[in-house]
Every structure is written in C-alpha cells, then in structure tokens.
Trainee: 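Here you go, one structure.
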Amino acid sequence: MDLYSPVTVLPGIGPSRAKQLANLGIETLYDLVADFPRTYEDRTKFVSINQMELGVPACFEAWVIRGPQTAHIRKGLDLTKLTVADNTGRLNLVFFNQPYVADQLRYGETYIFYGTVEGDYTRFQMVNPVHEQPDQPPVLTRRIMPVYNLTAGINNKLLSKCIGQAMDACVQELPELLPLAVRQQYQLCDCRMAYQTIHNPLSFEALENAKKRLIFEEFFLFSAGLELMRSRRKQDTVAPYEDLDLQFFHDALPFHLTGAQEKAICEIAADFGKGTPMNRLLQGDVGSGKTMVAAAAAYLCVKNGRQVAFMAPTEILAEQHCQSLSKLFAAFGMDCALLTGSTSAPEKRHIKAGLLDGSISFVIGTHALLTEDVQFQDLSLVIADEQHRFGVAQRAALSQKGKSPHLLVMSATPIPRTLALIVYGDLDVSILDELPPGRQTVDTFLVGESMRARINAFIRKHAEAGNQVYVVCPAVEESELDSLKSAEVWAETLQRVVFPDLRVGLLHGKLKAAEKERVMGQFSNHELDVLVATTVIEVGVDVPNATLMVIENADRFGLSQLHQLRGRVGRGPDKSFCVLFTNNKNQDTIGRLKAFCKTNDGFKIAEADLAIRGPGDFFGSRQHGLPQFKAASLTLDLEVLKEAREAAETALADPNYVNDPTFPAMQDRIRNLFREDSNIFN
Ligand code: ADP
Ligand code: MG
C-alpha cells in the first residue's frame with residue numbers, strides 16, 4: 001500500500017465514507033496521517049470522586065453499585081442510569097439513547113471513566129461518560145487524547161480509528177524529509193516518531209518534540225521551495241532595457257514624485273538594466289502613490305518596445321487604473337487597452353489580436369488576462385496590484401505568458417514583515433514610506449447609535465460643501481439572522497428618508513459589472529453625493545473629492561480592512577474624516593477600535609490585526625497568497641521559521657545535498673507544495 005493510495009483501500013471505508021472524508025480534504029492515506037489533531041485532551045490524570053469539580057472533565061476508576069437500568073422516557077428518548085463508587089464517594093451516571101451501555105457496564109465490576117460532572121450542589125451527575133475496562137488497552141481513557149477537526153457523519157472516535165488504520169498501513173512508507181545533519185543540529189526527532197506521537201502522544205514532552213519537528217519540516221520545505229524558485233529565476237536571462245530615461249515621464253506628471261517614489265522607480269529601472277528578470281514587491285500604505293511607480297515601470301517597458309500587463313483584482317480598479325493611466329500615457333503617444341470579464345466580445349477579439357501581433361503594448365485587466373487564449377508577442381513586464389489577493393499560482397500563470405517577464409507586485413495592505421517573508425519570500429522589496437505632500441491624517445471617531453442624528457448632519461455638511469461621502473455597510477442584503485446594516489436597505493433609507501435632496505448611490509459586489517462601473521463612474525464624476533457601498537470599494541478606489549467615510553457595524557471589519565476603507569478619503573486637499581459606528585459593547589472590541597482611531601500607521605495596524613486575528617483572517621476569507629500550513633502557525637511559530645529557513649539555505653548551498661537520501665523525497669514534497677505554480681525544478 002503506498003502513501004497516496006485512496007482511503008478506500010482501508011477496510012470499512014467505502015465510497016460514502018470516502019466522500020465524507022473528502023469534506024475534510026482527506027483523499028489519500030497520506031492525507032489521513034497528515035491530518036494533525038486540532039488539540040488534545042489530557043485524560044491521563046486520575047481523580048477521586050470527591051475531588052471532582054463541576055464542569056471540569058475527569059478520568060477516574062470506579063465500580064458499579066447500582067443499575068444499570070434503562071427507562072424508555074418517550075419516543076426517541078431512552079435513559080440509562082447507574083451509580084458508581086470509589087473509596088471516596090458515589091456518583092450517578094446518565095446515558096442518553098445508549099441502551100447498549102446496560103450490556104457493557106455490569107453491576108459490581110470496575111471500569112475507568114472519563115467525563116464531566118454537571119449539576120448543582122444538590123444533585124451531581126455525569127452525562128454520557130466514555131468508559132473502558134482497566135485491562136483493556138487505553139483508547140478513550142488514561143491517555144492524551146487527540147481531538148480532530150470533524151465534519152458531518154465523522155466523529156472523533158471514527159476519525160481516530162481511520163487515522164490509526166492508515167498509520168498501521170503506511171507509517172513505514174513515510175519518507176524522511178530532513179537530512180540527518182539538520183535533525184541533529186536542531187534536535188529533531190525522526191519523521192515516523194513524529195507522526196506516531198502527534199496522533200498518540202505518550203507524554204506532553206514527547207508531543208512538544210513531535211510538534212516542533214513537524215513545524216520545522218513544514219517551514220524547511222517551504223523555505224527550500226522559495227529558495228529554489230528564486231535561484232531558478234536568477235538563472236534566467238533577459239535582454240536589458242537600453243533606454244532608461246524618465247525625463248518625459250517626469251515632465252508629464254501634474255506633481256513631483258515623492259522621494260520614496262523616486263527611489264522605488266530607480267530600483268525598478270536598475271532591475272530593468274540588469275539582464276535578469278525583476279522580482280519586486282512594492283509595498284506602501286494606502287495613498288502612498290504606488291500606481292505612479294507602476295506607471296513609470298510600464299512607461300519604460302513600452303518605451304523599450306516591449307509589452308506590459310497590469311493586473312488588478314477587481315473590475316472597478318482595472319477600470320480606474322485604465323482611466324487615469326490612459327490620460328497620462330496619451331501624453332507619450334502610448335495607448336492602453338482594458339480587458340476584463342465585461343469587455344465586449346468584438347473588443348476582446350481586437351485586444352487579443354493586438355497583444356498577439358504586438359500592436360498593443362500596454363494592457364490593463366483583471367483575471368481575464370489569465371485566460372489561455374490571451375497571448376502576447378513579447379510580454380516583458382507583469383504588474384499585479386493588491387498582490388495579496390492573487391496567489392503565487394496566478395502570478396505565475398501570468399508570468400508564463402512571456403519568457404521570464406519582469407514582475408512587479410504591489411500591496412497596499414501593509415503586510416507585517418514577519419508575514420511578508422512567507423508570502424513574498426522570493427521577492428525583493430521596495431517600500432513607499434512617505435505619503436505625497438499635503439496629505440493630512442484622517443481624523444477618526446468611534447460612535448454609537450446615539451450619535452446618529454449628528455453624524456447625519458455631518459454627512460449633509462460635507463455634501464453641501466461640495467465634497468462626497470462613502471457609507472460602508474457589512475452586508476449587501478437584509479438578513480434575518482443578524483442586525484447588520486445592509487447596503488441595499490440603508491441606501492434606500494438614506495435616499496428616501498434622511499437625504500431626499502441629496503444624490504445617493506448604491507454599490508456592491510452582487511451588481512452586474514456594467515452597473516458597478518456606471519455607479520462608480522457617477523461617483524467619480526460627482527454625480528453622486530453619497531455612495532453606500534460594501535467593501536467592494538475597499539481596494540484602491542480613488543476619488544480625491546471624497547472627504548468622509550462612515551463605516552456601519554465597524555466591529556465586523558478587521559483593522560487592516562478598516563484602514564483600507566479609511567484610505568479612500570484624505571486623498572485630496574480637503575480635511576477628511578472617518579466615523580466608525582458600533583453597537584458592540586465588548587471591552588476588547590471597543591479597545592481595538594479606539595486604538596484604531598488614534599493611529600494612521602498602516603504597519604502598526606497590520607501588526608495589531610495579525611496578533612488579534614491570526615494570518616488566516618488577516619487576508620480575509622480568500623487567503624490566496626498564503627500557503628496552507630498543517631502543523632505550523634504563522635503567528636506562534638516564527639522562531640522555528642527562522643531556524644528552518646537557515647537550515648534550508650545551508651542545505652541547498654551544499655553541493656552534496658543532492659546525494660542525501662532525503663533529497664528526492666524533499667523534492668517531491670516541494671513539487672506538491674507548489675503544485676499550481678511553475679515547475680520550479682526545470
Ligand atoms: P495607492 O498607493 O494607495 O495605490 P494611488 O497610487 O492610488 O495610491 O495614489 C493616491 C493618489 O495620490 C492618487 O490620486 C495619485 O494621483 C496621487 N499621487 C500619487 N503620487 C503623488 C505625488 N507624488 N504627489 C501628489 N499626488 C500624488
Ligand atoms: Mg492602489
């Protein structure tokens with residue numbers, strides 16, 4: 001039986017069980033053994049009956065002094081009762097709908113139980129405890145019990161059993177992935193030991209060792225993969241750009257670039273002159289002017305007769321980039337084309353033909369750029385905006401449309417340095433740590449419902465002064481489940497009841513692309529005073545005349561997301577404000593939002609957000625850019641990450657590594673890890 005046999009090779013697992021397991025992402029024997037417990041229950045410590053505490057699970061030995069007796073209470077409810085005792089006291093046990101317990105537990109016999117005492121001081125009882133005979137091997141009691149993530153139809157006992165079967169079937173097949181020298185240097189146990197212990201720890205100390213080993217392994221492989229990817233890209237050669245003169249570009253801009261922009265552009269131009277493909281992350285807080293840096297890069301590319309593709313995560317953003325850059329590029333006699341999902345078919349055909357024959361040099365678009373039939377004559381630069389929304393895979397898919405094109409990825413979510421290492425481990429970094437001059441900080445206030453009338457008056461004041469206002473709601477539609485403000489209903493209320501004389505628009509993700517575009521266009525052209533929206537406006541939207549951002553149910557958003565939203569205002573010359581509404585009374589939540597009001601520093605906010613929510617939530621539900629780690633936690637295990645990274649770099653630098661017995665398995669696993677990415681080994 002090999003590691004990648006389907007789970008159905010195990011006795012007792014048929015197609016329907018396999019389907020349930022697939023809901024947990026488990027398809028092969030390896031998936032089973034690599035399904036690490038979510039947590040553990042300590043069932044090792046025995047307590048006597050008189051020492052038990054209400055609500056605290058306990059393991060104890062006792063004999064049956066009364067019962068068991070089963071009573072049929074009503075249809076669908078059987079109750080089995082018995083009383084057990086040890087030298088210190090007695091306890092009533094109750095089992096719901098487990099009549100077979102009456103056969104398993106016999107009067108006068110001794111058993112080991114594990115369960116939780118419930119009730120009040122007049123009446124204790126334990127409901128549905130698990131039990132074993134003292135001479136049975138410890139499975140449910142007397143051990144550190146692994147607790148797995150479950151799904152409908154699969155309980156912990158069943159999953160433990162499947163994993164046990166898989167371990168028996170293939171533990172010998174588990175390949176060692178870490179060279180002996182690495183294991184010795186970092187005191188890591190071998191791989192079989194680690195897997196056996198993680199599913200069945202004999203002590204907490206052994207468990208810690210096993211965990212450390214598996215976390216280390218995961219980070220080692222990931223670091224090695226990134227390192228290989230980087231070194232492969234370094235071997236590629238491209239023709240350097242000859243003309244790196246940006247005088248025209250500077251002259252055409254309506255403003256002076258900031259020092260940080262200048263520096264980033266210089267770094268990019270230097271990369272273009274080198275003859276190896278650029279791999280650069282441009283990181284800068286909202287409003288720091290990343291688009292202009294991208295424009296400079298695109299300008300140099302087109303000027304040198306090559307093609308550039310600029311990928312944005314939403315149609316609104318692609319549209320907006322195209323509008324602003326078209327104007328600028330027209331001054332250089334350069335065109336840019338827009339290709340999104342809603343581009344008309346003839347227009348699409350036209351653009352695709354132009355990209356293929358080279359007559360179009362600059363295309364801006366969404367994921368539509370990734371489709372197979374988009375081909376380039378000489379794609380030399382790929383720019384990805386708001387990169388954290390794209391995975392390594394999508395980045396690579398676009399890159400593969402050219403011969404080792406230069407890559408510039410931009411992120412407005414200021415990713416904490418620790419995480420950046422993981423998400424962008426293979427990139428060089430330019431940072432825009434300076435905002436364009438004249439930007440004021442956005443004053444931010446946290447308010448409750450009692451302030452509603454005053455905030456409405458504040459909205460009116462901004463609108464009447466000729467500025468514009470965003471109102472962001474957490475939901476699109478009204479829901480019966482929660483009392484969140486819905487964009488649809490709130491927009492209607494504001495227009496009809498509160499501001500009948502103002503122009504109120506509605507924008508959310510469920511609208512058709514053309515409709516979104518129309519509304520966004522209206523807002524940009526100041527045909528609307530108030531835009532009620534969901535977080536579709538979170539990313540990149542740039543309307544400098546907007547000076548007030550009102551966020552409903554602010555506690556529903558992550559801090560980084562709030563920061564993104566707040567970044568939509570304060571983009572023009574006028575003083576801007578952000579108002580956070582919340583009904584939440586939770587002290588932590590209030591504290592977090594108050595802290596947010598006091599700082600405009602995206603990096604600080606991101607660090608705080610990461611600490612509060614963990615990296616999964618940090619990137620939102622999409623999580624595209626993040627690798628999925630099984631054992632490791634990106635918040636807790638960063639020390640191990642550092643060691644593993646060092647170890648991987650040292651190993652790869654050693655020319656003898658390829659002869660190590662662990663090398664082929666490591667290579668294999670990395671191929672799997674980066675499966676959707678370019679083949680990093682050739
Ligand atoms: P982000 O980094 O969030 O993508 P943008 O590129 O959208 O920021 O820039 C925000 C706004 O600042 C835009 O309106 C842009 O035209 C303007 N801007 C960019 N660079 C400068 C500059 N050096 N001086 C003044 N305004 C600038
Ligand atoms: Mg931007």
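What you are looking at is a predicted structure, and each value in this text was computed from that prediction instead of being measured. Order of appearance sets the numbers: ligands from 1, and atoms from 1 within every ligand.
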Trainee: Below 4.0 Å, non-hydrogen atoms only: which portion of His256 touches ligand 1? Side chain, backbone, both or neither.
Mentor: backbone
Trainee: For atom 7 (O) of ligand 1, which candidate among Lys290, Arg571, Gln320 provides the closest heavy atom?
Mentor: Arg571
Trainee: Should Lys512 and Glu515 be marked as a salt bridge (charged side-chain N to carboxylate O under 4.0 Å, His left out) after you check the CA-CA gap, both sets of side-chain angles, and the distance that decides it?
Mentor: CA-CA 5 Å; Lys512 290 230 169 61; Glu515 176 66 7; over 6 Å; no
Trainee: Is any NZ, NE, NH1 or NH2 atom of the basic residue among Arg460 and Asp501 found under 4.0 Å from an Asp or Glu carboxylate oxygen of the other?
Mentor: yes
Trainee: Mind checking whether Cys336 and Ser326 have side chains closer than 4.5 Å, heavy atoms only?
Mentor: yes
Trainee: Using non-hydrogen atoms of the residue, decide whether Ser288 is closer than 4.0 angstrom to ligand 1.
Mentor: yes
Trainee: Report the C-alpha distance between Asp443 and Lys575 in whole Å, list the side-chain angles of each, state the deciding distance to 0.1 Å, and finish with yes or no for salt bridge (charged side-chain N to carboxylate O under 4.0 Å, His left out).
Mentor: CA-CA 9 Å; Asp443 288 352; Lys575 177 74 195 156; 3.4 Å; yes
Trainee: Number the atoms of ligand 1 from 1 as they appear, then name those within less than 4.0 Å of a heavy atom of Thr258, with their elements.
Mentor: 23 (N)
Trainee: Would Gly287 count as a polar contact of ligand 1, with the cut-off being nitrogen or oxygen pairs under 3.5 Å?
Mentor: yes
Trainee: Indicate yes or no: at least one non-hydrogen side-chain atom of Ser486 is less than 4.5 angstrom from one of Cys473.
Mentor: no
Trainee: Is it the case that ligand 1 has an N or O less than 3.5 angstrom from some N or O of Pro544?
Mentor: no
Trainee: With heavy-atom distances below 4.0 Å as the criterion, list the atoms of ligand 1 near Leu257.
Mentor: 23 (N)
Trainee: Is the shortest side-chain heavy-atom distance between Glu552 and Val550 below 4.5 Å?
Mentor: yes
Trainee: Where does Thr291 meet ligand 1, judged by heavy-atom distances below 4.0 Å: at the side chain, the backbone, both, or neither?
Mentor: both
